[in-house]
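Notes for the one structure printed next.
Because the structure is predicted, anything quoted here is derived from the model rather than measured. If you read the sequence from its start, that first residue is 1, and numbering goes on from there.
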Amino acid sequence: MVGLNPWFRSYHSVIAKFTTIDPKGIPVSYETGIMIGEPNESYIYIEPEVGDAVRSGIIRQLGSGVIGNLKTLPLQFYHDSRYFAHKSVPLPRIDIPQNLGQSISNTSPATLWLSGNWYAITLDGTPDESFERMSRESASELKGALERLKDS
């Protein structure tokens, strides 16, 4: 039996629906391309503009105190309806075309990772969250090392 390689990810491109609130307070929806893994996996990748809009929309409604860490944002994934949103406000949200992970409850805590060429959203406590955490920590460490090499 061949095990899964924890350092490799396969994904495919799909269309998701991003819904937010415009400056007049009216919900507006847009289609956006995302990258998503297989149905048993627990991650998606979104464009940074969408992730930044999610962060901004939550801050506008709840205040900047909800953002403790500038690199991540806590979200919830609603398995029955297949969307991500903050637990305290229904919008902004990202609807996806398939379920993620293998949960017995309707909701799972998730993390929006606010860095990189594509932002990730992972379900907490999964191998996909660990992969994302390790890859972003490695990138941060490498960035510092590269800066030191450049300056020497």
[atom2] on [Y] to [atom1] on [X], rounded to 0.5 Å:
X: Ile15; Y: Ile36; atom1: CD1; atom2: CD1; answer: 11.5 Å
X: Leu75; Y: Thr111; atom1: CG; atom2: OG1; answer: 7.5 Å
X: Arg55; Y: Arg60; atom1: CZ; atom2: CZ; answer: 12.0 Å
X: Ile121; Y: Ile94; atom1: CD1; atom2: CD1; answer: 4.0 Å
X: Ile34; Y: Ile96; atom1: CD1; atom2: CD1; answer: 5.5 Å
X: Thr32; Y: Glu47; atom1: OG1; atom2: CD; answer: 4.5 Å

Check the hydrophobic clustering (I, L, V, M, F, W, Y; side-chain heavy atoms under 4.5 Å; chains of links allowed) and say if [X] and [Y] are grouped together.
X: Phe131; Y: Trp113; value: no
X: Val14; Y: Ile44; value: yes
X: Tyr83; Y: Tyr119; value: no

**Q.** Residues that Asp124 engages under salt bridge (charged side-chain N to carboxylate O under 4.0 Å, His left out), provided they are two or more places apart
**A.** none

Q | side chain to side chain contact (heavy atoms under 4.5 Å, CB included), paired with Leu123, selected from Glu41, His79, Gln76 | A | His79

Q | Test log, rule side chain to side chain contact (heavy atoms under 4.5 Å, CB included), inputs Trp118 and Met35 | A | CA-CA 9 Å; Trp118 284 78; Met35 295 181 282; 3.3 Å; yes

[X] versus [Y], closest heavy-atom pair with distance:
X: Tyr45; Y: Glu132; result: OH-OE1, 2.8 Å
X: Pro92; Y: Ala53; result: CG-O, 4.3 Å
X: Pro48; Y: Gly116; result: CG-O, 4.0 Å
X: Ser42; Y: Gly101; result: OG-CA, 3.5 Å

Which pairs would a plain distance check flag for residues 19-27, meaning a side-chain donor or acceptor within less than 3.5 Å of a matching protein atom at least two apart in sequence or in another chain?
from, atom 1, to, atom 2, distance (Å)
Thr19, OG1, Ser29, OG, 2.8
Asp22, OD1, Lys24, N, 2.8
Asp22, OD1, Gly25, N, 3.0
Asp22, OD1, Ile26, N, 2.9

Using modelled atom types and a 3.5 Å cut-off, is there a donor and acceptor pairing between side-chain atoms of [X] and backbone atoms of [Y]?
X: Gln98; Y: Gly37; result: yes
X: Asp128; Y: Thr122; result: no
X: Ser81; Y: Tyr78; result: no
X: Gln61; Y: Leu91; result: yes
X: Ser105; Y: Thr107; result: yes

Q) Where does the angle between the aromatic ring planes of Phe84 and Phe77 fall among parallel (under 30°), tilted (30 to 60°) and perpendicular (over 60°)? A)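 Geometry flag for Phe77 against Phe84: tilted rings.
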
Q. Should Tyr43 and Thr126 be marked as a side chain to side chain contact (heavy atoms under 4.5 Å, CB included) after you check the CA-CA gap, both sets of side-chain angles, and the distance that decides it?
A. CA-CA 9 Å; Tyr43 73 93; Thr126 64; over 6 Å; no

Q.
When you compare the side chain of His12 with that of Glu38, does any pair of heavy atoms fall below 4.5 Å?
A. yes

